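The structure appears right after this line, and notes come after that.
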Amino acid sequence: MIRREGIINTLIFLSLPAVAGAALLLDEPFTITLATRAAILALAAVGLNLALGLGGLVSLGHAAFFGIGGYAMGILASHAQSYVPLIDTWIVIEGTKSMPVIWLVAVIASAFAALAIGALSLRTSGVYFIMITLAFGQMFYYFAISWPAYGGEDGLSIYVRNDFPGLNTLVPIQFFGLVFTILALVLWAMGRLAASPFGLALNAARQNAERVETVGLTPFRLRLVAFVISGAITGLAGALFADLNRFVSPSMFSWQMSGEFIVFIVLGGIGRLFGPVAGACLFVVLEHMLSGVSEFWLIYVGAILLLVVLFARGGLIGTLAGRAVAHD
Amino acid sequence: MTLLRMENVQASYGQTQALFGVDLQVGEGEVLALMGRNGMGKSSTVKVMCRLLKHASGQVQFAGMDLGGMPPHVAARAGLGLVPEGRRCFPNLTVYENLIAAARAGVWSFAAVTELFPRLAERRDQMASSLSGGEQQMLAIGRALMTNPRLLILDEATEGLAPVVRQEIWAALARLKAETGLALIVVDKSLAELSRVSDRAVILERGKSVWTGTMDVLNAEVADRYLGV
């Protein structure tokens, strides 16, 4: 069964470059952009899956980190675009159009935000944890709306895509390749993390926190570290998402965005390494196909989600692999 | 040298008092049997030792440290290993993962645990939830050993296990005593087996320690009065 799940994972993962490659041959750049969008959303959900799937932390505020990553990109790139330094006091900090620098800032900023939010929210559990993370996410959302320096409610447009050494990132397939490589690296790292003593202890803490304490581990610390790594990955996805759209807006912080990440994970399979990838791909395909059928396309997605929750508890991957319980 | 000492320990679950004055001590390399009928406070005493239940009064000291106010994970790191009642392995982890999730450096490693319980090596990649009760108990003991404790506490060591599996567990405990000199506190109902493995016994009655002594003086009259056997 594990072998079958491995084959399914590989097929789902390779479907992304297969679609992008086919679109390149057929000269369909929009489809490449769709595949890139799916890969970025998958990356965001892979981040959340560490907290939600492995740690059992149902965070309804992960859009906060997605938005922080997005605004890290927007703020740095807009200053580079306007040639106005970001900070111009006794120390001068310029904006930048360099993707690696933007990613680093996005990861560090979202990690610090996750540390602060996690340190407070992880003192609660269950529905209180869901509510407190939701509240933090909404705080960021309303802050972004009322921040006129960076577009307020209208958001912030960036005219040119940021640079990555050796690539022309405006060419869709090159940008896709970059995003896909990051997704592959993060998935590899997540796989290693889940199998490490830290990942196992986090998994164990989800199953029985008291028992974990009696073997000398602290569930709070395990969960906080997981929450910070999780937030940092979602932040990185936010920076890439903003770069894909060349636009950031407060909607990146919205609770609907957090909800979508959870939907990706549930659709694909909670706690499965490739679950978020399957879920995000399925969601983007449904979004693309169903939005042409009806403007109320989310109703159909809702119905599918309902069916998955009721009849396919292991999500898409669990159903295909014939195993409801995840074990990556 | 005394490793764990409890003096006049009283503890409650909310308004309900469970322990009314427990005194016991266990020394390095010693095996202590903690006995008593159902509901007499054995598991509550174990919980106080492992800090899963805070005592309201009295003294609990481990290796010279006062355990009052110490959270369970710090007590575990100080060297208190627990094999809980009902085993409680992590069901969604494999045997190997259950063992390494809690591992700390020391003499106990995966190889050493599977040398004690060869069946765990055979089941290495099997989910804990798919193991038999006896194998789960071996895994729970192995998991506690992987933390390299100074004192191993087994709550209901062989409860609900088949006779043949019980013998394996008792044989393993006897080996632990003979070969490693690890201090043990064993809670169980089998007087015959406890007599073979333990050096001393403490009997609890209604949340109080009412009898303490070596196993050779635990005669039929004491057993009949406090244990109903």
Side-chain angles (χ1 to χ4, degrees), chain A residues 1-6 49-50 52-56 122-123 191-226 269-273 275 313-315 317-318 321-328, chain B residues 46-47 49-53 70-106 108 110 125-130 136 139-155:
Chain A
M1 286 297 191
I2 288 176
R3 194 151 168 257
R4 187 161 139 201
E5 189 164 336
N49 200 29
L50 174 65
L52 195 155
L54 212 57
L122 287 168
R123 294 178 194 281
R192 294 293 301 265
L193 193 73
S196 71
F198 166 77
L200 296 172
L202 180 67
N203 196 336
R206 188 191 77 234
Q207 297 175 44
N208 192 333
E210 190 182 81
R211 219 38 67 203
V212 162
E213 278 201 271
T214 58
V215 292
L217 300 164
T218 358
F220 177 79
R221 201 175 300 169
L222 290 167
R223 289 173 181 152
L224 185 59
V225 172
I270 297 171
R272 290 183 144 86
L273 183 59
R313 296 291 286 272
I317 295 182
R323 290 168 76 236
V325 177
H327 188 260
D328 284 311
Chain B
V46 166
K47 281 185 179 163
M49 289 172 192
C50 298
R51 312 315 302 150
L52 294 171
L53 177 64
M70 190 182 273
H73 68 274
V74 180
R77 275 184 222 161
L80 273 158
L82 172 67
V83 180
E85 183 179 2
R87 304 174 271 280
R88 314 248 179 97
C89 300
F90 303 122
N92 286 0
L93 299 186
T94 64
V95 166
Y96 178 72
E97 290 171 344
N98 258 280
L99 292 174
I100 64 160
R104 274 198 301 283
W108 286 100
F110 180 73
D125 296 320
Q126 215 170 303
M127 292 289 186
S129 56
S130 69
Q136 287 196 21
L139 182 57
I141 296 172
R143 183 180 63 187
L145 289 173
M146 289 290 278
T147 66
N148 280 287
R150 292 177 69 183
L151 169 65
L152 185 66
I153 304 163
L154 296 103
D155 194 3

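Here the structure is a predicted model, which means the values were calculated and not measured. Reminder, nothing fancy here: chain letters follow the sequence lines and each chain counts from 1.
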Among residues two or more places apart or on two chains, list those pairs meeting side chain to side chain donor-acceptor pair (under 3.5 Å) that have a residue in residues 143-152 of chain B. B/Glu28-B/Arg150
B/Glu97 and A/Asn203, any side-chain heavy atoms less than 4.5 Å apart: no
Would you say the side chain of A/Leu200 lies within less than 4.5 Å of the side chain of B/Phe90, judging by non-hydrogen atoms? no
Which portion of [X] sits near chain A, non-hydrogen atoms under 4.5 angstrom:
{"X": "B/Arg104", "result": "side chain"}
{"X": "B/Leu52", "result": "side chain"}
{"X": "B/Pro149", "result": "neither"}

Taking all heavy atoms of B/Leu93 and all of A/Gln207, pick out the closest pair and write down the distance. CG-NE2, 4.0 Å
Taking all non-hydrogen atoms of both residues, which atom of A/Pro197 and which atom of B/Ile100 are closest, and how far apart? CB-O, 4.0 Å
Tabulate, in ascending numerical order, the residues of residues 72-82 of chain B having at least one heavy atom closer than 4.5 Å to a heavy atom of chain A, or enter 'none'. B/Pro72, B/His73, B/Ala76, B/Arg77, B/Leu80, B/Leu82
Quick check for you: to the nearest 0.5 Å, what is the distance between B/Cys89 atom SG and A/Arg211 atom CZ? 10.0 Å
Mind ranking A/Ala201, A/Gly199, A/Ala204, A/Pro219 by heavy-atom pairs under 4.5 Å with chain B and telling me who comes out on top? A/Ala204
Picking from A/Asn208, A/Val215, A/Thr214, which has the most non-hydrogen pairs under 4.5 angstrom with chain B? A/Val215
With chain A, which of B/Pro71, B/Ala144, B/Ala101 has the greatest number of heavy-atom pairs at distances under 4.5 Å? B/Ala101
